[in-house]
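Report on the following structure.
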Amino acid sequence: AEGQALYQKFKQETNGQEGVFAIDSRYDVKTDTDNLLAIGRTVTETRASASESVQYDTIDKKQQLVLTLPSLFKDDGYITTISDYLKEEMRRQMKADEGKVYFVKGTPDVPKDEQFKQISAKQNFYITSDHKLVLSFDEYSIAPGYMGIVEFKIPTSILKDDLVSSSYIR
């Protein structure tokens, strides 16, 4: 269904004309264990420049259910915990590597309304085979386009009090 929708979008955008618009989609298996399957579906849209986005599905194979970020935590307190960690991690990375830039408070020339404030309950994520939580951000969402899709592995130590259980994240 997603492939068909992309094809229809391509036909509508090009209107049967030759031009400079392209859509590419692919998938990547991030995790495949006895318990978990995490698949990323990446879409790249190219016009004058390219924009890339990825959507992950993390599946509990034994329970046959798609995991959501809120289902992993006791309440929505994880949003603040993770968001605060990410802001500090972005600043740390920028200080260590002048080539990295994030749209976080204190970054020069980043308008206030474009600064990263917090993750959403629908934040894109997957769980690694070693049971770590990874959050993914599309190109241009928290950093300039040259940084591409940005991922952060979240330390379990900051999550442990917020987790429902250690079944998925350890």
Side-chain angles (χ1 to χ4, degrees), residues 1-14 20-73 78-79 81-83 85-87 89-90 92-94 96-97 99-104 116 118-159 163-170:
E2 287 177 350
Q4 285 290 351
L6 286 172
Y7 178 66
Q8 292 304 320
K9 180 178 181 177
F10 176 78
K11 283 178 35 179
Q12 183 179 2
E13 292 276 337
T14 59
V20 290
F21 179 65
I23 295 180
D24 174 53
S25 67
R26 60 195 178 282
Y27 75 93
D28 179 31
V29 176
K30 291 297 221 178
T31 304
D32 190 2
T33 67
D34 290 342
N35 297 326
L36 289 176
L37 175 65
I39 299 173
R41 297 177 321 279
T42 304
V43 174
T44 305
E45 293 186 28
T46 306
R47 289 180 174 82
S49 65
S51 175
E52 193 167 63
S53 64
V54 65
Q55 178 62 47
Y56 289 102
D57 292 316
T58 302
I59 301 162
D60 179 325
K61 292 161 105 176
K62 292 188 176 182
Q63 300 293 324
Q64 297 184 355
L65 56 98
V66 176
L67 301 177
T68 64
L69 200 55
S71 72
L72 302 172
F73 297 96
Y78 73 94
I79 292 174
T81 301
I82 292 173
S83 299
Y85 168 78
L86 288 174
K87 290 175 201 173
E89 180 60 14
M90 289 176 199
R92 187 196 67 72
Q93 287 185 20
M94 288 190 302
D97 181 350
K100 290 192 175 185
V101 175
Y102 293 103
F103 303 149
V104 66
F116 172 77
Q118 69 179 29
I119 64 168
S120 124
K122 295 181 180 182
Q123 181 63 50
N124 206 8
F125 79 97
Y126 63 91
I127 300 171
T128 65
S129 58
D130 62 344
H131 302 278
K132 303 302 177 201
L133 177 65
V134 177
L135 297 186
S136 176
F137 295 86
D138 288 343
E139 202 171 36
Y140 300 100
S141 65
I142 63 165
Y146 74 84
M147 289 191 48
I149 292 173
V150 179
E151 294 185 346
F152 293 93
K153 189 180 279 190
I154 308 301
T156 304
S157 60
I158 71 163
L159 302 174
L163 292 168
V164 170
S165 76
S166 60
S167 298
Y168 300 116
I169 301 172
R170 299 182 195 137

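Everything numeric here is computed off the predicted structure, so don't read it as measured data.
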Charged N to carboxylate O under 4.0 angstrom, Asp130 versus Arg170?
-> no
For Tyr27 and Thr42, what are the C-alpha separation, side-chain angles and deciding distance, and is it a side-chain contact (heavy atoms from CB on, under 4.5 Å)?
-> CA-CA 6 Å; Tyr27 75 93; Thr42 304; over 6 Å; no
Close side-chain approach of Thr58 to Val66, heavy-atom, < 4.5 Å = no
Short side-chain donor-acceptor distance under 3.5 Å, Tyr126 and Glu151 | yes
Which heavy atom in Ala143 sits nearest to a heavy atom in Val150, and how many Å separate them?
-> CB-CG2, 4.3 Å
Ignoring hydrogens and angles, tell me if any N or O in the side chain of Glu139 forms a donor-acceptor pair with the backbone of Glu52 under 3.5 Å.
-> yes
Side chain of Gln123, backbone of Ser136: donor and acceptor closer than 3.5 Å?
-> yes
Any side-chain heavy-atom pair of Arg41 and Asp57 under 4.5 Å | yes
Do Arg26 and Asp28 meet the salt-bridge criterion of a basic N to acidic O distance under 4.0 Å?
-> no
Judged by atom type as modelled, is there a donor-acceptor pair below 3.5 Å linking the side chain of Thr31 to the main-chain atoms of Leu37?
-> no
Check whether any side-chain heavy atom of Leu67 lies under 4.5 Å from a side-chain heavy atom of Tyr168, and answer yes or no.
-> yes
Considering only heavy atoms from C-beta outward, does the side chain of Val104 approach that of Met94 to under 4.5 Å?
-> yes
Tightest non-hydrogen contact, residues Pro70 and Ala121, listed as CD-O, 3.3 Å
Just wondering, do Ile119 and Leu86 contact through their side chains at under 4.5 Å, heavy atoms?
-> yes
Minimum-distance pair of heavy atoms, taken over all atoms of Phe103 and Pro144 = CZ-N, 3.4 Å
Parallel, tilted or perpendicular: which fits the ring planes of Phe137 and Phe116, with parallel below 30° and perpendicular above 60°?
-> perpendicular
Validation row, ring centre Phe152 to ring centre Phe125 under 6.0 Å | no
Which atom names give the shortest non-hydrogen contact between Val101 and Met147, and what distance separates them?
-> O-SD, 3.1 Å
Do any N or O atoms from the side chain of Lys61 and from the backbone of Thr33 form a donor-acceptor pair under 3.5 angstrom?
-> yes
Hey, are the side chains of Leu135 and Tyr85 touching, using non-hydrogen atoms and a 4.5 Å cut-off?
-> no
Asn124 side chain to Tyr56 backbone, donor-acceptor under 3.5 Å | yes
Any side-chain donor near an acceptor of the partner, Asn35 and Lys62, under 3.5 Å | yes
Do the side chain of Asp138 and the main chain of Val54 share a donor and acceptor less than 3.5 angstrom apart?
-> yes
Nearest 0.5 Å please: distance from the CD1 atom of Ile149 over to the OG atom of Ser141.
-> 9.0 Å
Considering all heavy atoms of both residues, which atom of Leu69 and which atom of Ser120 are nearest to each other, and what is their separation?
-> CD2-O, 4.2 Å
Non-hydrogen side-chain atoms of Thr128 and Leu133 separated by less than 4.5 Å = no
Output, in order, the C-alpha distance, side-chain angles, deciding distance and verdict of side-chain contact (heavy atoms from CB on, under 4.5 Å) for Val134 and Ile154.
-> CA-CA 6 Å; Val134 177; Ile154 308 301; over 6 Å; no
